[in-house]
Engineer: 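Here it is, the structure, as structure tokens.
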Amino acid sequence: MATDLTDFIAGLPKVELHVHHVGSATPYTVARLAERHAGTTAVPADPALLAEYFTFTDFAHFVEVYLSVVDLIRDAEDLATLTYDIGADLAAQSVRYAELTLTPYSSIVRGVPAEAYCEAVEDARLRAARDHGIQLRWCFDIPGEPTMTGADVTLEVALKQRPDGLVSFGLGGPESGIPRARYAGHFAAARDPDLMAHLREHDIALEVCPTSNACTRSVPSLAEHPLPQLVAAGVPVTVNSDDPPMFSTTLNREYQVAADLLDLDEHGVAELARQAVRYSFLDAAGKTAVLAEIDDYLQALPGEAGRPCARPTD
Ligand SMILES: [Zn+2]
């Protein structure tokens, strides 16, 4: 990877549409939380030991480790620390807007009242915007569990608390204990070219997280990631980071991975960044602003001054 492109990606204004709240806790944040809860957690408080702790044997092991980090988020102060740190870390990668997947049910079953939960993340959201110029929004994640309690509680929190940052819902959570067979139809459909056509025709964008897919063995290796096939089929894709520190990645790194897989130059990478802006839930004015920033950033590339600009000029 050319250093020039690496620097370009680092400075490129970006939006992140698929990244998990607890899964974004950096070793620095996890170590601080582990220290705060020392004696009642298996998670090491030494950042050097965390790298080993975050080495996964398979997806079930990943979920086990993930849940031990979830267990460190026990009160409003933990939530505010985690959320604010994520905003700062994303802003440092030139991210202007991020839709963060939150699982309020995980905190509520640990005794955090719904109101305190929403206050903590909203407070962190406003502070991150003020201090780092990043706009955070929430996707409330319904845990995929045998019972529907988590789904019911998640919906109730959303409707009763109505946090300003909430823009969407997702379905996720632990997969162990949930019969996989009931999803067989979905997986069969995913292998069907008709689904690709459906995504293309209905303009449904996929939030692709390449390193996460490789680390959790959803794809055999990064090199075999189907991102090029998706693009070739005309499916709209965005590039995102999922649980970045746990997979030793960042959003910038995922853009590099995508650039390698798709053989992109600066213009191609910038188009990926634009794509995520377009498919975000950011309002029209916000989209226009970030898209203009991307265009300006591209225009500032050495040798770009004389090139025609894609935007109308006045
Ligand atoms: Zn995910």
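Order of listing sets the numbers, starting from 1, for every ligand and every atom in it.
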Engineer: State which residue, out of Arg125, His132, Arg127, fulfils the side-chain hydrogen bond (donor to acceptor under 3.5 Å, both in side chains) condition with Tyr84.
Structural biologist: His132
Engineer: State which residues pass side-chain contact (heavy atoms from CB on, under 4.5 Å) with Arg217; sequence neighbours excluded, sorted by chain then number.
Structural biologist: none
Engineer: Sequence neighbours left out, what passes ring-ring contact (aromatic ring centres under 6.0 Å, His included) with Phe247? Give chain and number order.
Structural biologist: Phe62
Engineer: The criterion is salt bridge (Lys or Arg N to Asp or Glu O under 4.0 Å); which residues satisfy it with Glu156, sequence neighbours excluded?
Structural biologist: Lys160
Engineer: For residues Asp89 and Tyr28, determine if any side-chain heavy atom of one lies less than 4.5 Å from a side-chain heavy atom of the other.
Structural biologist: no
Engineer: Would a 4.5 Å heavy-atom cut-off, applied to side chains only, mark Arg137 and Leu100 as touching?
Structural biologist: no
Engineer: Could you enumerate the protein N, O or S atoms under 2.8 Å from the Zn ion (ligand 1), written like residue then atom name?
Structural biologist: His18 NE2, His20 NE2, Asp242 OD1
